[in-house]
Amino acid sequence: MDLSELNDAQRRAVTAGDGPHLVVAGAGTGKTRTLVHRVAWLIEQGVPPEGIVLLTFTRRAAGEMLDRVARLVGGRARGVRGGTFHSFANTALRRHADRLGYSPSFTILDRGDAEALVGMVRGELGLGSTEQRYPKRGTLLDVLSRATNTHRTIAQVLDDQYPQYAHLEPDLQRLAVRYAERKQEQGVMDFDDLLVMLARLLRDHEEARRRLSHAARHVLVDEYQDTNRLQASIAALLSSVHGNLMVVGDEAQSIYGFRGADVRNILDFGQLYPNCPVTVLEENYRSVQPILDLANGILETATTGYDKHLRSSLPSQELPVLADVMDEHAQAEVVVRRVLELREGGTSLDEQAILARASHHTHLLELALSEAGIPFRKYGGLRFSEAAHIKDVFALLRLVANPRDVLAWFRVLSWSKGLGAKTAQRIGDSVAAADDPQLHPAAYKGRGYHADLVDLAGFLEDAAPLVADVGALVDLTIAYYKERIVDIHEDWKKRLKDLDSVPLLAERFTSLDQFLAEVALDPVEAADADEAVDDEVLTVSTIHSAKGLEWDAVHLVQLGDGAFPSAFSLDDPDELEEERRLFYVAVTRARRHLMLVWPRFVRARRGPVMGPGCVLLDTIPHLHDLLETVKPTRRPWSEGPQAADADEIERIARLLDYFD
C-alpha cells in the first residue's frame, strides 16, 4: 500500500501490530483517514475482510469509511463488517438468541412501540390515578433508558432529572421489572436491550463469546470517547480471545455525558490494557495555528487527559477575536456585523456558523439575523417559536390581544385539571362566539376545573390594562405561566430558561399586535426563501450538533459563567470539565476565523445583572497573547469629544433655531 500521504504518527497507527492499541486523535488530525487506511492495511496483510469489525456511531459514518476503503483495496472491502453497536448487536443476537431466552425471530421495538408497551404495563399494574399527577409513558421510558445507559439507579435519575416524581421510585421499580418481563414474553427488544443482551451474552456465555471473538479477529472502534460503559464492555469482550482492539478517539471531545457517554473509557484504557501502545495524532489539517494555540491553551487547563499539542502548517497571522460586549443586544449587533464583514471579504455564509452552548442562547440573534436579511438554518433544538412552552406563552398573549382566538382558548384551557379536549373546545367556542368574549367561571361552578378557570379569568382581567405596555404584559404572562409549567410539561426544569428569552424579544416592540405578528412569521421559512436567491445559508447551531463539522468562520456566543459554562456545572468539577471539552470542540470547528463573544451583563428576572466572569477563559494561561480583545461599545466620555456626525449637527442646529 502507498502510505506516503500519511504523516509519521498516522503510519504508526495504521501499521501497528496485533494486540490492543489506543489512538488519541486531536481535533482535525485525520482520524477518519487513519481508520480507513488501517482497515485497508489489515486486508493487504491477509486478514480476511469478514474478520474485521468497524464499530461507529452512525451507519452513515461506517458506510463512508468503507467506501473509502474500497477505493484503496477494491471489492475486498465488501466483506468488512462495519456499522453501529446496535446493528452489530442485532446480527449477533439473532445467532445466539436462544441462550437468552429469546427466539431468533425476535422483533425490535421502535420508540413509539416501546412507549405503547410501557403504557400497557402501567395500566396492568394500576399505576397512576386521577388523584395525583403521574408521568406520561414517554417520560417513564426516558427514566428507564437513562438508568440503563448511564449506569445509574432509577432513584438517581429521578432525583437529577425529574425530582417531582422522586416519591414514585417504588412504582417505577415495579414498572421496570414488569416491562422487562413483558418484552421477554412477547419476544421483543427495545434499542437499549440490544446492548444489554449482547453484553450479557458475551459476559455469561463463554462458548458464544469465543465464537464471536474468533470471528472478529480485529475490532476497531471510532469515537471511543463517546462510548458508554455497556459499549466499552462489548468492545473489550468481543476482542477477548485475540486482544486485537484498536480504539480511536479524543478525550478532549467527550461531550455527551448527558447521554451516558463515559470519558473514563478512553482515559482508563491503559489500565484495562497495561503497556498498550498509545499513538497521539497532533498534526492538524483543518485550522490555522492561532486558532490551535487557543485550543492548546484550553487543553492546558484540563485536569485530566493525554498530552497533545496541536500544530498546523496553514499560515495565518490573524488572532481569534474576543468581543467584550455589554449585553445580548450588543452581542447580536457585533455578530451580525462580523458575519457581513466576512461575507464582503469573501467568506460565504455557507462557510460561517454561529455556535452556542444551548439553543435558547441564539433567540435574540435569530431575530437580528432576520432583520438584517441574513438567511440561516438552525440545528440543535426546535426553533424558538416551535417549542411547546413558548407556544403556550404566546397563546396567553393572543387571548389578551384577541379573545375570539379559538385555537388559543383550546390550548390554554387544556391545561386545566379534569377538563378534557371536547369540553375545552366547547368552552372556547362558546367564549369566542359571545357578543362580549369573556370567560365566566361562575357558569362552571362545582366542576373539577372551576378553580383553574377562575385563575385564568383573573389573569386575563389583570392583563387587559397592560395591552399598551408590552414589556409589563410579557412579565405578567411569564409569571403566570411559570406557576403552571410544572403541571403542563414533564421536563419543566429544562424549559424554564427559555422563558427568560421572551422579554428580551419583546423589548423593542411598543405594540402587542406587532410583537405577535413578528413572532408568528417563521424566520426559517423566510431564510429558505432567501436561500433560493442567494444560494447561501448561515448555520446557527448548538455545539453538540456541530461536532464533526467545520467552517471557515465560527462565531461562538454567550460565553460567561451561568450560560457557557452552564450554571449546573459550576459546582461540579466533572461537569465543568465536560464544559471545557465542549469549549475545545467549539473552537476547533473554525478553520480561519474565530470570534468569541462575552456579554458582560446578562438578563435576570429583575433586570440585567453583571455576569460573574467566565472560568473557561479566566483559566487559560497567557490568554491575552492568544486573543485580540475588542470592545465594540459606545465610546466612553473619557476619550474626549469626537468629530460631530450628521445627527449631531442636525440636533444642534434645531436647538440653536429654537433658542435663537
Side-chain angles (χ1 to χ4, degrees), residues 85-86 109 111 114-115 117-119 121-122 125 127-128 132-183 189-200 203 225-234 251 254-268 303-304 357-358 485-487 489-497 544 565-582:
F85 277 90
H86 290 87
L109 300 177
R111 172 73 190 197
E115 286 187 12
L117 184 55
V118 165
V121 171
R122 171 185 156 175
L125 297 176
L127 302 179
Q132 64 174 334
R133 183 179 173 218
Y134 210 83
K136 297 177 181 177
R137 60 190 189 183
T139 302
L140 293 170
L141 185 61
D142 284 341
V143 172
L144 302 185
S145 182
R146 279 182 183 272
T148 298
N149 285 294
T150 61
H151 273 235
R152 292 187 295 171
T153 65
I154 289 175
Q156 289 171 325
V157 173
L158 288 173
D159 184 60
D160 183 42
Q161 298 292 325
Y162 302 98
Q164 69 270 34
Y165 295 133
H167 63 289
L168 298 177
E169 187 260 343
D171 282 1
L172 269 66
Q173 293 286 5
R174 292 171 56 209
L175 180 77
V177 171
R178 184 58 183 148
Y179 177 54
E181 291 173 349
R182 290 286 280 164
K183 287 183 291 183
M189 295 187 194
D190 61 21
F191 288 158
D192 292 335
D193 290 327
L194 291 172
L195 299 184
V196 170
M197 293 298 176
L198 178 56
R200 185 179 301 170
R203 184 186 65 237
Q225 77 280 350
D226 293 333
T227 54
N228 60 32
R229 299 300 273 186
L230 267 177
Q231 291 162 327
S233 68
I234 288 170
E251 85 292 344
S254 180
I255 60 174
Y256 296 113
F258 65 96
R259 294 181 187 169
D262 193 336
V263 69
R264 291 178 300 166
N265 291 340
I266 191 168
L267 292 176
D268 296 345
T303 59
T304 57
R357 169 65 179 82
I485 191 172
V486 177
D487 295 318
H489 296 290
E490 307 281 3
D491 54 350
W492 58 272
K493 286 180 68 178
K494 297 179 184 177
R495 299 174 184 263
L496 280 177
K497 187 66 178 176
H544 286 99
S566 162
F568 298 107
S569 70
L570 296 177
D571 296 323
D572 187 326
D574 291 337
E575 292 286 340
L576 186 58
E577 281 304 294
E578 181 148 328
E579 295 291 297
R580 205 184 308 279
R581 296 193 293 268
L582 195 61

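As the structure is a computational prediction, the values presented were derived from the model and not from experiment.
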Any donor-acceptor pair under 3.5 Å linking the side-chain atoms of [Y] with those of [X]?
{"X": "Y134", "Y": "D171", "value": "yes"}
{"X": "N265", "Y": "T227", "value": "yes"}
{"X": "D491", "Y": "Y162", "value": "no"}

Does a salt bridge link R357 with E579, judged by any charged N lying under 4.0 Å from a carboxylate O?
yes
So, D142 and R146, do they make that salt bridge, N to O below 4.0 Å?
no
For the backbone of [Y] and the side chain of [X], can you confirm whether one donor and one acceptor N or O come within less than 3.5 Å of each other?
{"X": "E575", "Y": "D572", "result": "no"}
{"X": "E490", "Y": "K136", "result": "yes"}
{"X": "S254", "Y": "E251", "result": "no"}
{"X": "Y256", "Y": "H544", "result": "yes"}
{"X": "E578", "Y": "S569", "result": "no"}
{"X": "D159", "Y": "A155", "result": "no"}

Any side-chain heavy-atom pair of [X] and [Y] under 4.5 Å:
{"X": "L172", "Y": "V157", "answer": "no"}
{"X": "N228", "Y": "T150", "answer": "no"}
{"X": "D160", "Y": "R152", "answer": "yes"}
{"X": "R122", "Y": "L175", "answer": "yes"}
{"X": "V263", "Y": "R581", "answer": "yes"}
{"X": "V143", "Y": "P135", "answer": "no"}
{"X": "D487", "Y": "W492", "answer": "no"}

Enter the distance from [X]:[atom1] to [Y]:[atom2] here, rounded to the nearest 0.5 Å.
{"X": "L198", "Y": "R203", "atom1": "CG", "atom2": "CZ", "value": "11.0 Å"}
{"X": "L168", "Y": "Q173", "atom1": "CG", "atom2": "CD", "value": "12.0 Å"}
{"X": "E169", "Y": "Q156", "atom1": "CD", "atom2": "CD", "value": "10.0 Å"}
{"X": "L230", "Y": "D262", "atom1": "CG", "atom2": "CG", "value": "11.0 Å"}
{"X": "T304", "Y": "I266", "atom1": "OG1", "atom2": "CD1", "value": "11.0 Å"}
{"X": "L141", "Y": "Y179", "atom1": "CG", "atom2": "OH", "value": "5.0 Å"}

Does the side-chain contact (heavy atoms from CB on, under 4.5 Å) test come out yes or no for Q161 and K493, once each step is laid out?
CA-CA 8 Å; Q161 298 292 325; K493 286 180 68 178; over 6 Å; no
Could you please spell out the steps behind the side-chain contact (heavy atoms from CB on, under 4.5 Å) verdict for R259 and N149?
CA-CA 7 Å; R259 294 181 187 169; N149 285 294; over 6 Å; no
Could you go through the side-chain contact (heavy atoms from CB on, under 4.5 Å) check for M189 and K183 one step at a time?
CA-CA 6 Å; M189 295 187 194; K183 287 183 291 183; 6.0 Å; no
Assess the residue pair D193 and D190 against the criterion (side-chain contact (heavy atoms from CB on, under 4.5 Å)); give the C-alpha distance rounded to whole Å, side-chain angles, the decisive distance to 0.1 Å, and a yes or no.
CA-CA 5 Å; D193 290 327; D190 61 21; 3.0 Å; yes
Exercise: identify the closest heavy-atom pair between R178 and V121:
CG-CG1, 3.5 Å
Would you call the rings of F191 and H86 parallel, tilted or perpendicular, where under 30° means parallel and over 60° means perpendicular?
perpendicular
